[in-house]
*Asks:* 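Below is one structure. I have some questions about it.
Because the structure is a prediction, the values reported are computed rather than measured.
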Amino acid sequence: MQIIYEDNHLIIVSKTCHEIVQGDKTGDEPLPETLKRFIKERDNKPGNVFLGVTHRLDRPTTGVVIFAKTSKALERMNRMFASGEVHKTYWAIVENVWKSEETGVRNAPPMEADLKHWLIRNEKQNRSYAYDSLEAAMRRAPQKECKEARLHYKVINTTPRYALLEVQLFTGRHHQIRCQLSHIGLSIKGDLKYGAPRSNPDGGISLHSRKTNFIHPVSKEEVTVIAPVPDDTLWKAIEV
């Protein structure tokens with residue numbers, strides 16, 4: 001965990017793939033508890049520390065996570081996330097399938113595209129499935145369980161083996177980026193759940209919440225935060 005922004009109302013951190021935003025069956029301490037203890041000790045606070053979770057980030061994903069230090073900020077940030085006023089940019093590393101002339105691979109997806117699918121979440125498997133149309137999704141589940149998912153991606157850098165995608169989210173669905181990219185043949189490096197051939201050494205996946213920008217819920221000033229990429233050889237080599 002690295003603090004990348006803080007004021008009286010918000011604290012924003014860049015989390016690692018080993019940290020969790022909300023408690024789970026592992027029993028590991030979630031980030032809010034770690035941060036509350038840190039703030040209490042740092043600021044020598046006599047009472048309880050308030051810290052609200054404004055959004056989630058999957059455990060194996062790294063990068064920007066925003067917490068609210070006041071109830072006013074929490075309420076307003078929740079509304080902003082719900083109305084799409086918080087803009088998040090992700091980076092993802094996938095296999096470089098665009099070397100078709102060298103590798104013989106055909107039918108690679110576009111290097112830049114808008115994706116729209118209908119997602120169905122399977123709670124037992126803790127994964128989502130993407131379908132190209134609502135009709136196709138409804139053959140698998142009731143309409144109320146079929147969620148529209150939209151994103152934009154583009155290739156912003158490559159190595160001989162891997163490509164770095166920049167992803168803009170327009171909806172916030174369960175495992176959305178992982179599921180939609182996998183559906184078009186672009187499994188994120190290390191993401192075994194969505195088709196990657198092998199895991200990453202650190203147990204995470206190569207999906208990073210790189211940048212978030214929004215209007216501050218109290219000061220009304222524009223805030224832009226950027227999370228440094230993980231301390232990893234491939235990330236350092238491919239970042240732009």
Side-chain angles (χ1 to χ4, degrees), residues 1-24 26 28-43 45 48-92 147 149-153 165-180 188 204-231 235 239:
M1 177 196 73
Q2 176 184 356
I3 297 173
I4 54 179
Y5 176 93
E6 184 177 8
D7 61 23
N8 290 334
H9 298 277
L10 301 174
I11 184 167
I12 305 176
V13 305
S14 178
K15 90 169 193 72
T16 71
C17 67
H18 303 294
E19 295 168 321
I20 54 176
V21 177
Q22 292 183 318
D24 61 16
T26 65
D28 293 342
E29 182 178 72
L31 267 174
E33 297 305 314
T34 305
L35 276 171
K36 284 194 285 188
R37 187 172 64 252
F38 167 77
I39 293 171
K40 184 178 179 66
E41 295 174 357
R42 183 195 65 183
D43 299 344
K45 286 184 173 291
N48 293 329
V49 174
F50 177 88
L51 200 70
V53 178
T54 67
H55 66 109
R56 294 188 63 179
L57 195 63
D58 295 339
R59 182 173 193 146
T61 305
T62 57
V64 176
V65 185
I66 305 170
F67 297 97
K69 295 169 66 178
T70 64
S71 57
K72 177 193 293 185
L74 177 61
E75 180 182 356
R76 293 180 181 180
M77 288 300 299
N78 285 341
R79 287 203 304 264
M80 290 164 61
F81 270 103
S83 62
E85 297 174 66
V86 181
H87 307 286
K88 299 197 291 183
T89 300
Y90 288 79
W91 280 2
K147 306 296 185 182
R150 293 180 295 109
L151 63 77
H152 177 87
Y153 79 85
L165 308 186
E166 183 174 87
V167 180
Q168 302 282 346
L169 273 181
F170 302 123
T171 54
R173 307 303 184 198
H174 177 257
H175 291 180
Q176 180 178 337
I177 297 174
R178 301 164 65 182
C179 181
Q180 286 193 271
I188 295 170
I205 63 175
S206 299
L207 178 62
H208 182 64
S209 180
R210 174 63 170 174
K211 181 173 72 172
T212 301
N213 62 284
F214 56 94
I215 301 301
H216 194 285
V218 180
S219 71
K220 305 305 179 183
E221 296 179 353
E222 184 173 1
V223 176
T224 299
V225 289
I226 296 176
V229 298
D231 187 15
W235 272 113
E239 72 171 319

*Asks:* Look up atom CD1 in I188 and atom CG in L165, then write down how far apart they are to the nearest 0.5 Å.
*Replies:*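 So the gap between those two atoms works out to 8.0 Å.
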
*Asks:* Looking at residues at least two apart in the chain, or sitting in another chain, which of them share a salt bridge (Lys or Arg N to Asp or Glu O under 4.0 Å) with E6?
*Replies:*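 With neighbours one apart ignored, the set is R42, K69.
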
*Asks:* Does any part of the side chain of L51, heavy atoms only, come nearer than 4.5 Å to the side chain of I11, both counted from C-beta?
*Replies:*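 They are in side-chain contact.
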
*Asks:* From the options L57, V13, L31, T34, select the one residue that forms a side chain to side chain contact (heavy atoms under 4.5 Å, CB included) with E19.
*Replies:*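 Single side chain to side chain contact (heavy atoms under 4.5 Å, CB included) partner of E19 among L57, V13, L31, T34: L31.
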
*Asks:* Does K88 have any salt bridge (Lys or Arg N to Asp or Glu O under 4.0 Å) partners at least two apart in sequence or in another chain, and if so, which?
*Replies:*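 For K88, no residue satisfies salt bridge (Lys or Arg N to Asp or Glu O under 4.0 Å) once neighbours in sequence are set aside.
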
*Asks:* Measure across R173 and A149 and return the closest heavy-atom pair with its distance rounded to 0.1 Å.
*Replies:*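 Closest heavy-atom pair between R173 and A149: CG-CB, 4.0 Å.
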
*Asks:* Is there a side-chain contact between E166 and W91, using heavy atoms and a 4.5 Å cut-off?
*Replies:*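 Yes. Closest side-chain heavy atoms under 4.5 Å.
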
*Asks:* Excluding sequence neighbours, so at least two apart, what forms side chain to side chain contact (heavy atoms under 4.5 Å, CB included) with D43?
*Replies:*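 Here the qualifying residues are I39, K45.
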
*Asks:* For N78, which residues count as a side chain to side chain donor-acceptor pair (under 3.5 Å) partner, sequence neighbours excluded?
*Replies:*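 Listed in chain order: nothing, the list is empty.
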
*Asks:* I need the minimum non-hydrogen distance between G52 and F50, along with the two atoms involved.
*Replies:*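 Distance-wise, the nearest heavy atoms are N-CE2, 3.9 Å.
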
*Asks:* Quick one: list whatever passes ring pair (Phe, Tyr, Trp, His ring centres under 6.0 Å) with H55, sequence neighbours left out.
*Replies:*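 Ring pair (Phe, Tyr, Trp, His ring centres under 6.0 Å) list for H55, sorted by chain: F81.
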
*Asks:* Using atom types as modelled, flag every donor-acceptor pair under 3.5 Å from a side chain in residues 58-65 to any protein atom, sequence neighbours excluded.
*Replies:*
from, atom 1, to, atom 2, distance (Å)
D58, OD2, R178, NH1, 3.3
R59, NH1, D24, OD2, 3.4
R59, NH1, T26, OG1, 3.3
R59, NH1, D28, OD2, 3.3
R59, NH2, H18, O, 3.4
R59, NH2, D28, OD2, 2.4
T62, OG1, H208, ND1, 2.7

*Asks:* For side chain to side chain contact (heavy atoms under 4.5 Å, CB included), just list the numbers for R210 and V229, CA-CA rounded to whole Å, side-chain angles, deciding distance to a tenth of an Å, and then say yes or no.
*Replies:* CA-CA 7 Å; R210 174 63 170 174; V229 298; 3.8 Å; yes

*Asks:* Sequence neighbours left out, what passes side chain to side chain donor-acceptor pair (under 3.5 Å) with T89? Give chain and number order.
*Replies:*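 Testing T89 for side chain to side chain donor-acceptor pair (under 3.5 Å), a comparison that skips the adjacent residues, returns Q168.
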
*Asks:* Not counting sequence neighbours, which residues clear salt bridge (Lys or Arg N to Asp or Glu O under 4.0 Å) with R37? List them please.
*Replies:*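 Listed in chain order: E29.
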
*Asks:* What's the shortest heavy-atom distance between A227 and S209, and which atoms?
*Replies:*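 Heavy-atom minimum between the residues: CB-O, 3.7 Å.
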
*Asks:* Would you say Q176's side chain and R150's backbone share a donor-acceptor pair under 3.5 angstrom?
*Replies:*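 Side chain of Q176 to backbone of R150, a donor-acceptor pair under 3.5 Å: yes, one is there.
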
*Asks:* Restricting to side chain to side chain donor-acceptor pair (under 3.5 Å), what partner residues turn up for K211, sequence neighbours left out?
*Replies:*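 Applying side chain to side chain donor-acceptor pair (under 3.5 Å) to K211 gives none.
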
*Asks:* Return the NE2 to OG1 distance between H87 and T224, rounded to the nearest 0.5 Å.
*Replies:*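 Those atoms lie 10.0 Å apart.
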
*Asks:* Which heavy atom of L207 sits nearest to which heavy atom of W235, and what is that distance?
*Replies:*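 The answer is N-CZ2, 4.2 Å.
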
*Asks:* T70 and N8: which non-hydrogen atoms are nearest, and at how many Å?
*Replies:*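 Closest heavy-atom pair between T70 and N8: CG2-O, 3.6 Å.
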
*Asks:* Quick check for you: to the nearest 0.5 Å, what is the distance between L35 atom CG and K15 atom NZ?
*Replies:*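 Answer for the CG-NZ pair, L35 versus K15, is 12.5 Å.
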
*Asks:* Restricting to side chain to side chain donor-acceptor pair (under 3.5 Å), what partner residues turn up for S14, sequence neighbours left out?
*Replies:*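 Counting only residues at least two positions away or on another chain, S14 forms no side chain to side chain donor-acceptor pair (under 3.5 Å).
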
*Asks:* Could you work out, with side chain to side chain contact (heavy atoms under 4.5 Å, CB included) as the rule, every residue matching D7, not counting sequence neighbours?
*Replies:*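 Scan of D7 (side chain to side chain contact (heavy atoms under 4.5 Å, CB included), adjacent residues dropped) gives Y5, H9, L10, H216.
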
*Asks:* Between atom CG of N213 and atom CD1 of I226, what is the distance when rounded to the nearest 0.5 Å?
*Replies:*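 Going from the CG atom of N213 to the CD1 atom of I226 covers 9.5 Å.
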
*Asks:* Taking all non-hydrogen atoms of both residues into account, name the closest pair between T212 and V86 and its distance.
*Replies:*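 Closest approach of T212 to V86, heavy atoms only: CG2-CG1, 3.6 Å.
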
*Asks:* Any side-chain heavy-atom pair from Y90 and L151 closer than 4.5 angstrom?
*Replies:*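 Counting from C-beta outward, Y90 and L151 never come under 4.5 Å.
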
*Asks:* Run F170 and H152 through side chain to side chain contact (heavy atoms under 4.5 Å, CB included) and show every step you take.
*Replies:* CA-CA 8 Å; F170 302 123; H152 177 87; 3.7 Å; yes

*Asks:* Can you list the residues that meet the salt bridge (Lys or Arg N to Asp or Glu O under 4.0 Å) rule with E75, with sequence neighbours excluded?
*Replies:*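 Residues passing salt bridge (Lys or Arg N to Asp or Glu O under 4.0 Å) with E75: R79.
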
